[in-house]
Number of protein chains: 2
Amino acid sequence: MPASAKANSKRPRRARGSINPADIVTGAFEFCRTTPVDEMTMPQLAAFLNVGVTSIYWYFKSKRELLDAMTDEALVSFYESMPPLRSQGWEDMLREFFVSFYTLLAADPLKCDLIVRRIGHQADEGAMRSWNRAEQLLTALADAGFPPSLARHAFFTLSIYTQGFLLVERTGRVSGAISSPPAGGSADLVAADAAAAPRGTQPAAGSAAPEDFEFGITNIIAGLRQLRPSEERAGAA
Amino acid sequence: MPASAKANSKRPRRARGSINPADIVTGAFEFCRTTPVDEMTMPQLAAFLNVGVTSIYWYFKSKRELLDAMTDEALVSFYESMPPLRSQGWEDMLREFFVSFYTLLAADPLKCDLIVRRIGHQADEGAMRSWNRAEQLLTALADAGFPPSLARHAFFTLSIYTQGFLLVERTGRVSGAISSPPAGGSADLVAADAAAAPRGTQPAAGSAAPEDFEFGITNIIAGLRQLRPSEERAGAA
DNA sequence: ACCTGAACACCGTTCAAGT
DNA sequence: ACCTGAACACCGTTCAAGT
């Protein structure tokens with residue numbers, strides 16, 4: 001090939017039906033295997049997909065809309081990959097569910113960013129669909145004697161805790177927060193250390209996270225055990 | 001004044017000592033009384049402060065550094081505005097502390113954005129300083145028979161829950177999540193509704209938040225009561 | 001109908017002055 | 001030493017074509 005083919009690109013024009021929304025979203029996910037979503041750029045994505053930037057706007061009328069589509073897909077895939085509940089007792093079911101919840105998202109920064117960190121951008125049309133596992137849980141709680149409102153609160157509390165943990169972990173503020181007494185004896189609730197881990201790469205998931213996460217779950221479930229109406233006279237009436 | 005003084009601005013050059021980091025940070029806070037931080041722009045801020053954009057870069061070598069400074073100040077001001085603890089028992093102390101925590105940040109979107117939503121950008125030099133209230137709490141827990149590691153976990157769990165709640169609330173995903181049974185009986189953990197509230201303005205803090213928040217605190221504290229080593233033989237040895 | 005480059009109004013940041 | 005406009009390489013988005 002000639003040595004100095006200056007600006008040799010001029011990508012050929014693509015055929016009429018050669019792109020579609022699904023491909024774009026899929027491509028965006030692939031692109032984000034390399035780059036954090038927050039850094040994904042329309043021109044960059046277009047180059048990656050080998051289309052003109054403006055072509056993307058034919059299918060998504062804004063970047064936000066594209067991110068919404070990605071979030072929808074992330075949610076569906078997330079729900080699908082939640083393993084079915086094996087446990088029988090309500091306590092184990094709750095624990096199992098939220099440990100799966102946490103594990104899945106902690107292992108997938110992109111999904112975590114889309115699902116937990118992204119802001120209330122949408123009504124999550126796609127969310128309601130594949131969402132029956134929660135029902136299962138609520139039912140189990142009802143069977144165990146929890147009144148509906150208490151059951152929902154329980155579910156909500158665990159969900160908030162899980163999301164909070166993922167958030168704080170993802171922002172790298174969690175590494176030695178619990179395990180290591182800060183020598184002088186000082187603790188900090190929002191920014192315990194964040195100095196230990198290297199900062200260049202992905203926040204790098206603080207050290208002892210999984211056990212620390214499970215403690216909170218244990219704690220909340222213990223509380224629910226206590227908050228549950230006593231069962232002695234539950235069967236009657 | 002003449003009708004068509006086209007581009008009449010040409011702001012006069014400022015004196016040599018007329019800006020300083022403190023003023024810039026203060027100005028930025030003032031600017032954000034009007035605009036969400038995420039939308040604050042260096043040119044906009046400069047215009048608001050009546051300085052050249054580049055002047056800001058003399059004191060802060062990047063926008064990130066400026067935001068860090070803002071976060072530091074937000075943290076200090078946050079700690080200072082935490083009312084002193086009145087309660088005596090460990091349970092009430094914990095509740096009081098985290099309710100204050102929540103109330104303060106829920107009422108101040110800017111501080112919430114800087115402290116909770118911003119990412120692990122720094123070691124929070126300024127945080128460790130005014131941070132003795134947590135000590136107080138840890139001590140109270142120790143006095144109540146909690147081993148140090150358990151006390152820290154307790155504190156951490158409550159803190160994570162609080163931050164998670166603020167996050168989810170700030171992103172507008174919380175409004176009717178608990179109070180209203182979704183008719184069909186479906187619940188969603190990440191995006192319960194988000195469709196009810198108007199979306200244009202600030203996420204508008206979902207309806208029944210405070211009670212919902214306190215439920216989780218009650219729940220976690222109840223769990224701690226159960227997790228605490230039994231006191232019967234605590235005074236001995 | 002679908003794909004596209006050029007262009008617009010912005011951004012964060014740097015440079016090379018001005019005082 | 002401090003303050004500054006012009007300029008740079010980007011961004012998201014729109015426009016006016018091209019096919």
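The figures that follow rest on heavy atoms only: side chains count, while hydrogens, waters and symmetry mates do not. Chain A is the first sequence line, chain B the second, and so forth, proteins listed ahead of strands; every chain is numbered from 1. For clarity, every value in this text was computed on a predicted model and none was experimentally measured.
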Quiz item: CZ of Arg16(B) versus P of dT4(D): gap in Å, rounded?
Solution: 13 Å
Quiz prompt | Backbone N/O of Leu85(B) and side chain of Arg133(B): donor-acceptor pair under 3.5 Å | solution = no
Quiz item: What nucleotide among dG12(C), dT13(D), dT4(D) has an atom nearest to a side-chain atom of Val51(B)?
Solution: dT4(D)
Exercise. Check every atom of dT4(D), dC15(D), dC3(C) against the side chain of Arg13(A) and return the nucleotide holding the closest atom.
Key: dC3(C)
Self-check item: Spacing of Ile56(A) atom CD1 relative to dC11(D) atom C1', expressed in whole Å
Solution: 13 Å
Exercise. Counting heavy atoms from C-beta on, name the nucleotide in dT4(D), dT13(D), dA1(C) closest to the side chain of Arg11(B).
Key: dT4(D)
Quiz item: Contact class for Thr41(B) (heavy atom, under 4.0 Å): base, sugar-phosphate, or nothing?
Solution: sugar-phosphate
Quiz prompt | From dT4(C), dT14(D), dC2(D), nucleotide with atom closest to Tyr57(A) side chain | solution = dT14(D)
Quiz prompt | Length of the line joining Lys61(A):NZ and dC15(D):P, which is rounded to integer Å | solution = 15 Å
Quiz prompt | For atom CE of Met42(B) and atom P of dA6(D), their distance in whole Å | solution = 19 Å
Quiz prompt | Selected nucleotide, minimal atom distance to Tyr59(A) side chain, candidates dC3(D), dC2(C), dT4(C) | solution = dC2(C)
Quiz item: Between CD1 of Ile160(A) and CZ of Phe213(B), what distance do you get to the nearest 0.5 Å?
Solution: 10.0 Å
Quiz item: Within the structure, does a side-chain N or O atom of Gln44(B) lie under 4.0 Å from either OP1 or OP2 of dC10(C)?
Solution: no
Quiz item: Does a donor on one side chain sit under 3.5 Å from an acceptor on the other, for Gln163(B) and Ser159(B)?
Solution: yes
Quiz item: Atom CE of Met40(A) and atom C1' of dC10(D): how far apart are they, to the nearest Å?
Solution: 16 Å
Quiz prompt | Arg14(A) vs dT19(D): side-chain N/O to OP1/OP2 distance below 4.0 Å | solution = no
Self-check item: Point-to-point distance, once rounded to the nearest 0.5 Å, from CD1 of Ile220(A) to OG1 of Thr157(B)
Solution: 7.0 Å
Quiz item: Whole-Å distance between dT4(C) P and Leu45(A) CG?
Solution: 13 Å
Quiz item: Do any side-chain nitrogens or oxygens of Thr54(A) fall under 4.0 Å of OP1 or OP2 in dC3(C)?
Solution: no
Self-check item: Interatomic distance where CD belongs to Glu39(A) and P belongs to dC10(D) [whole Å]
Solution: 14 Å
Practice problem: Determine: side-chain N/O of Ser18(B) to OP1/OP2 of dC3(D), distance under 4.0 Å, yes or no. | Solution: yes
Practice problem: Compute whether any side-chain donor of one residue and acceptor of the other, for Tyr57(B) and Glu65(B), lie under 3.5 angstrom apart. | Solution: no
Quiz item: Which nucleotide in the set dT4(D), dC11(C), dT4(C) lies at the smallest distance from any side-chain heavy atom of Ile19(B)?
Solution: dT4(D)
